[in-house]
Every structure is written in structure tokens, then in C-alpha cells.
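Only one structure is covered here, and it is reproduced in the block below.
One is the number of the first residue; the rest follow in order along the sequence.
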Amino acid sequence: MQEVKVMGIAALTMRFVVELLGIAAVAYWGWQSGPDGIGRVLLAVGGAVALIVVWGFVVAPKADNPLSQQVRDIIGTVLLLVAAGGLAAVGEPTLAMVFAAVIVIDWVAMVVIGPDASQALRPSAASRR
């Protein structure tokens, strides 16, 4: 059981890092594809904020919606793959491929660990005593 908890924490940590990289990828896409001047800043910041907001309302484990965690993980993975596609669109195909591979590996880890991943951070009954 302890092994599953450690794997769950590792998978959730990896997912968090991948989420942060996704936000950075969207911001980079916005900066590279936006018009000069304030347009670049607005597209970079706006894109990153849009991803954060969608993530918070749709994908986040504590989001108030009827989606199962499995569906949330799939939607999150698709959003991150779109961010990787943005990297390819602005001339970073190698970085996009590496990022996409990391996203898929992360998703596979979440599927393999399953619901135990989200339970990994919750205190066990024994530790609450």
C-alpha cells in the first residue's frame, strides 16, 4: 500500500510539473505568434490565463462539475497536447514532440495508478488517529 501511495504522489507531482509546462508553452506560443508590442503580451498572458481558468473549472480534481476523474484526466491531457501543438506551430517541433511524449507518459502513469493517485495525498485512517 505504501508503494502505491509513493507512486501516486510521484504521478501527481509529474502531472503538476506538466501542467506548469503547459502554461509556459501556451504563453510562449502567444508571445511568438502575437503581433508586436502589447499584442504579444496580451496573447501570451491571455492564453496562459485561459488555460488556467479552463483547467480550474473543468480539469481540477476539486472543480465543481459532474465529470469523473478519468474524464478530467483525458480533457487535461488533450489541453496539454494542444499546448504542445502550439509549440510546433511557432517553430519548435522537437520541443513539441518531447513535450507531447512527456504528456502521454504522464497520462499513462495516471491511468495505471488510477484512482489511487488522487487518494495518495489524503491522510490514511491510521495517520488521523
task: For Asp106, enumerate each residue passing the salt bridge (Lys or Arg N to Asp or Glu O under 4.0 Å) test, keeping only those at least two apart in sequence or located in another chain.
output: Arg15
message: Please check if the number of heavy atoms outside Trp107 that lie under 6.0 Å from its CH2 is greater than 12.
response: no
field: Side chain Asp73, main chain Met110, donor-acceptor under 3.5 Å
entry: no
Give, for atom [atom1] of [X] and atom [atom2] of [Y], the distance between the pair rounded to the nearest 0.5 Å.
X     : Y     : atom1 : atom2 : result
Met14 : Leu21 : CE    : CG    : 10.0 Å
Ile23 : Ile52 : CD1   : CD1   : 4.0 Å
Phe99 : Leu80 : CZ    : CG    : 5.5 Å

query: With a 4.5 Å heavy-atom cut-off, do Phe57 and Asn65 have their side chains touching?
result: no
message: I'd like to check Val59 versus Val54 (side-chain heavy atoms, cut-off strictly below 4.5 Å). Are they in contact?
response: no
Search all heavy atoms of [X] against all heavy atoms of [Y] and return the closest pair with its distance.
X     : Y     : result
Arg40 : Gln32 : NH2-O, 4.4 Å
Ala48 : Ala27 : CB-CB, 4.3 Å
Leu43 : Ser33 : CD2-OG, 3.8 Å
Ala83 : Val26 : CB-CG2, 3.7 Å
Leu87 : Ala96 : CB-CB, 3.9 Å

- prompt: Should Val104 and Met97 be regarded as members of a common hydrophobic cluster, given that ILVMFWY residues are connected when their side-chain heavy atoms come within less than 4.5 Å of each other, either directly or indirectly?
  reply: no
